[in-house]
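Whatever order the structure lists them in is the order used to number ligands and atoms, beginning at 1.
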Amino acid sequence: MPQFRIAPSILSANFAKLGEEVDNVLASGADIVHFDVMDNHYVPNLTIGPLVCEALRKHGVTAPIDVHLMVKPVDRIVPDFAKAGATYITFHPEASEHIDRTIGLIREAGCKPGLVFNPATPLDVLEYTLDKIDMVLLMSVNPGFGGQKFIPYVLDKARRVRQMIDSRGLDVSLEIDGGVGPANILEVAQAGVDTFVAGSAVFGKRNEADPNRYDSIIGQMRAELAKA
Ligand code: DX5
Ligand code: ZN
């Protein structure tokens with residue numbers, strides 16, 4: 001069985017007590033913190049920046065932080081996120097004029113670079129970049145908001161990326177983002193995905209007995225993954 005990782009998107013957490021929410025979701029079995037950065041320019045919403053990433057590190061979060069940049073331009077903000085403690089920094093290729101340079105900037109800053117593809121964005125840039133990145137992130141909704149419906153044709157795209165990674169023998173994570181929950185996580189895993197972002201599915205479903213815990217929903221997702 002491949003190593004599956006669950007990455008709750010803090011976009012759906014309670015921002016008024018974000019440190020606690022992140023602690024709670026990690027203590028409930030999550031592997032990675034998915035950190036959605038929106039700029040009201042590349043996407044029509046505005047969220048959090050490097051100061052919040054740094055605050056989570058200062059709060060004591062040691063898990064990988066997976067910074068998903070939905071910003072344009074990209075390069076200006078990369079060093080700030082590196083300093084703030086980002087582990088992965090992923091960006092949308094169409095938001096950068098010079099994709100190779102941006103990947104290099106992220107790597108030089110000490111972070112793991114990744115490329116993000118919107119549902120209808122073709123994968124052609126992977127031809128020259130797949131061996132230079134640590135993560136491919138496939139959007140299974142149009143970026144900008146949590147709580148949207150999973151777009152099923154992205155499963156075919158996932159199978160194609162998995163095939164590209166395996167046929168070249170590369171160690172690249174394949175992550176999916178948007179509309180993932182216990183009802184479809186198995187199907188997504190079977191398409192070759194190893195890292196699963198889930199925002200509303202996780203943060204919208206606190207344990208019944210303890211509203212500070214998310215073990216039950218994360219456990220349900222892991223039980224589905226165990227069937228893969
Ligand atoms: C959307 C974000 C996602 C979002 C996913 O632009 O990139 O990470 O939080 O939320 P759900 O899991 O609710 O679809
Ligand atoms: Zn995201």
Taking [atom] as the reference point, the nearest protein heavy atom with its distance:
atom: atom 10 (O) of ligand 1; answer: Gly146 CA, 3.5 Å
atom: atom 3 (C) of ligand 1; answer: Asp177 OD1, 2.9 Å
atom: atom 6 (O) of ligand 1; answer: Gly144 N, 2.8 Å
atom: atom 13 (O) of ligand 1; answer: Ser200 OG, 2.5 Å
atom: atom 12 (O) of ligand 1; answer: Gly199 N, 2.7 Å
atom: atom 1 (C) of ligand 1; answer: Phe145 O, 3.5 Å
atom: atom 14 (O) of ligand 1; answer: Gly179 N, 2.8 Å

Mark yes or no for whether [X], through its side chain, and [Y], through its backbone, hold a donor-acceptor pair below 3.5 Å.
X: Thr90; Y: Leu115; answer: no
X: Asp39; Y: His41; answer: yes
X: Lys157; Y: Thr121; answer: yes
X: Thr47; Y: Asp36; answer: yes

> Hey, are Arg206 and Glu21 close enough for a salt bridge, meaning a charged N less than 4.0 Å from a carboxylate O?
Replying inline: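 Salt bridge: yes.
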
> Below 4.0 angstrom, N of the basic side chain to O of the carboxylate: do Asp66 and Lys112 qualify?
Replying inline: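 Answer for the salt bridge query: no.
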
What atoms of ligand 1 come within less than 4.0 Å of a heavy atom belonging to [X]?
X: His68; result: 7 (O)
X: Pro143; result: 6 (O)
X: His34; result: 8 (O)
X: Met70; result: 6 (O), 7 (O)
X: Val197; result: 8 (O)
X: Gly178; result: 14 (O)

Which N/O/S atom belongs to [X] and is the closest one to the Zn ion (ligand 2)?
X: Asp177; result: OD2
X: Asp36; result: OD1
X: His68; result: ND1
X: His34; result: NE2

> Can you tell which of Asn118, Asp177, Val116, Leu174 makes a side chain to side chain contact (heavy atoms under 4.5 Å, CB included) with Leu138?
Replying inline: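 Answer after filtering Asn118, Asp177, Val116, Leu174: Leu174.
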
> Knowing that exactly one of Asn212, Asp215, Asn24 qualifies, which makes a side chain to side chain donor-acceptor pair (under 3.5 Å) with Asn207?
Replying inline: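 Checked Asn212, Asp215, Asn24 against Asn207; only one passes side chain to side chain donor-acceptor pair (under 3.5 Å): Asp215.
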
Got an N/O contact under 3.5 Å between [X] and ligand 1?
X: Met139; result: no
X: Met38; result: no
X: Ala198; result: no

> Going by atom types alone, do Asp23 and His59 pair a side-chain donor with an acceptor below 3.5 Å?
Replying inline: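 Result is yes, a qualifying pair exists.
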
> Just checking, any donor-acceptor pair under 3.5 angstrom between side chains of Asp100 and His98?
Replying inline: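 Short answer, no.
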
> Which one of Gly204, Ala13, Gly147 has a non-hydrogen atom at the shortest distance from atom 11 (P) of ligand 1?
Replying inline: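 It is Gly147 that holds the nearest heavy atom.
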
>> For the CG atom of Leu18 and the CG atom of Leu56, what is their distance to the nearest 0.5 Å?
In response: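 Going from CG on Leu18 over to CG on Leu56, the span is 5.0 Å.
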
> How about Arg5: does its CZ atom have over 12 heavy atoms from other parts shown lying under 6.0 Å from it?
Replying inline: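 Atom CZ in Arg5 is crowded, with more than 12 foreign heavy atoms closer than 6.0 Å.
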
> Backbone, side chain, both or neither: what part of Ser9 comes under 4.0 angstrom of ligand 1, heavy atoms only?
Replying inline: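 For Ser9, the contact with ligand 1 is made by the side chain alone.
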
> Would a hydrophobic clustering, with Ile, Leu, Val, Met, Phe, Trp and Tyr connected at side-chain separations under 4.5 Å, put Phe81 with Met38?
Replying inline: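 Different clusters: Phe81 never reaches Met38 through Ile, Leu, Val, Met, Phe, Trp or Tyr contacts under 4.5 Å.
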
